[in-house]
Enquirer: 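Mind looking over this structure? Questions follow.
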Amino acid sequence: MEQTRLTRRGSLIRFGGFLFGLLGWKAGAGAGPSAVESGAISCVLAPEQTEGPYYIEGEKLRRDITEGRPGVPLLLRLRVVDASTCKPIRGAAVDIWHADALGVYSGFGSGSGNRTFMRGIQRTDATGLARFRSVWPGWYRGRTVHIHVKVHVGGNVVHTGQLYFPDAVTDAVFRRKPYSRRGKRTTRNANDFVFAEGGKRSLLSIRKSGTAYVASITMGVHRS
Ligand code: FE
């Protein structure tokens, strides 16, 4: 399945490279920056995952995507690196979209009156970092909690994926308002059909900062 998805970018070879890289790190043999430079290993390639039915093209360039909607504050730190060299990619457009605290996407269903909330684009800086301010996403039927992401480099989409949260932290967040107004979520990471295909490699690292959570991940992509 995973290989099938990756063929979109013509990359059975890349998939092989990813596996080799992973094994290289695990074995600890020749790992580290020198091995990267020699080409013996590569950075972990972020898994391609379906964009799903709720993408809207050409959203706003902005850091705060909440439009004042409620939820537990979430600061996203999404880093883009070249999977072949591990070097940061500057000027990549990171494009994200997710459901609001009540599980609603802008532009669809009960969110159809507004096509922009919880959607936005940021450019990576010299260190490959794109930062967003949002809220912890809510859940919708059949899916675990996630954020969709596309990375554009030079006008081309070089990565489409989904980012995930540790379930225990989501449980804690969902005990608070407005999440607690809803019933129990249907799906966790362990029983999500999209997460099953490489989602573990797209788990955000979470730390608390005052009243907010900071969620970080590095996404290895190919430039073209
Ligand atoms: Fe979704």
Side-chain angles (χ1 to χ4, degrees), residues 1-2 4-6 8 46-60 62 64-67 69-78 80 93-122 130 132-152 157-171 173-174 178-179 181-206 213 215-217 219 221:
M1 273 305 277
E2 195 140 86
T4 313
R5 287 182 185 282
L6 282 167
R8 190 182 70 78
E48 294 294 309
Q49 294 205 310
T50 176
E51 77 175 38
Y54 303 125
Y55 181 55
I56 295 178
E57 228 176 293
E59 288 290 346
K60 295 175 182 170
R62 58 181 181 180
D64 186 334
I65 63 172
T66 62
E67 300 186 4
R69 293 199 169 226
V72 168
L74 180 69
L75 307 173
L76 286 161
R77 299 177 63 87
L78 311 181
V80 180
V94 178
D95 185 353
I96 66 167
W97 68 105
H98 66 80
D100 73 2
L102 299 178
V104 174
Y105 277 100
S106 55
F108 297 88
S110 60
S112 17
N114 172 328
R115 290 171 58 82
T116 56
F117 66 80
M118 308 319 186
R119 299 176 187 273
I121 299 172
Q122 284 286 272
F132 292 93
R133 174 178 290 272
S134 193
V135 298
W136 201 280
W139 62 275
Y140 59 94
R141 183 159 293 281
R143 288 302 318 277
T144 193
V145 176
H146 60 279
I147 292 178
H148 295 270
V149 61
K150 277 184 187 286
V151 178
H152 312 250
V157 176
V158 299
H159 173 59
T160 300
Q162 300 191 19
L163 308 175
Y164 299 96
F165 298 84
D167 275 323
V169 192
T170 297
D171 289 342
V173 168
F174 281 9
Y179 309 89
R181 279 167 42 195
R182 304 185 65 208
K184 208 173 150 201
R185 58 188 169 128
T186 59
T187 311
R188 304 169 68 83
N189 291 342
N191 61 333
D192 182 275
F193 73 108
V194 187
F195 183 90
E197 294 178 32
K200 260 190 211 157
R201 301 199 303 275
S202 296
L203 265 177
L204 292 154
S205 297
I206 308 290
Y213 287 95
S216 313
I217 196 165
M219 298 178 285
V221 305

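Just follow the structure's listing: the first ligand is 1, and inside any ligand the first atom is 1. All residue numbers refer to positions in the sequence shown, counting from 1. Hydrogens, waters and symmetry mates play no part in the numbers below; they use all other heavy atoms, side chains included.
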Enquirer: Quick check on the 6.0 Å ring-centre criterion: do Tyr140 and His98 meet it?
Expert: no
Enquirer: Taking the six-membered ring for Trp, are Phe108 and Tyr54 parallel (under 30°), tilted (30 to 60°) or perpendicular (over 60°)?
Expert: perpendicular
Enquirer: Kindly state each residue pair satisfying salt bridge (charged side-chain N to carboxylate O under 4.0 Å, His left out) with at least one member in residues 139-150, sequence neighbours excluded.
Expert: Glu51-Lys150, Arg143-Asp192
Enquirer: Would you confirm whether Arg119, through its side chain, and Ser106, through its main-chain N or O, come within 3.5 Å as a donor-acceptor pair?
Expert: yes
Enquirer: Which one of Ile96, Asp100, Val104, Ile147 satisfies the side chain to side chain contact (heavy atoms under 4.5 Å, CB included) criterion with Met118?
Expert: Asp100
Enquirer: Is any side-chain heavy atom of Pro73 closer than 4.5 Å to one of Thr66?
Expert: no
Enquirer: With a cut-off of 2.8 Å, which protein N/O/S atoms are close to the Fe ion (ligand 1), if we only count those under it?
Expert: Tyr105 OH, Tyr140 OH, His146 NE2, His148 NE2
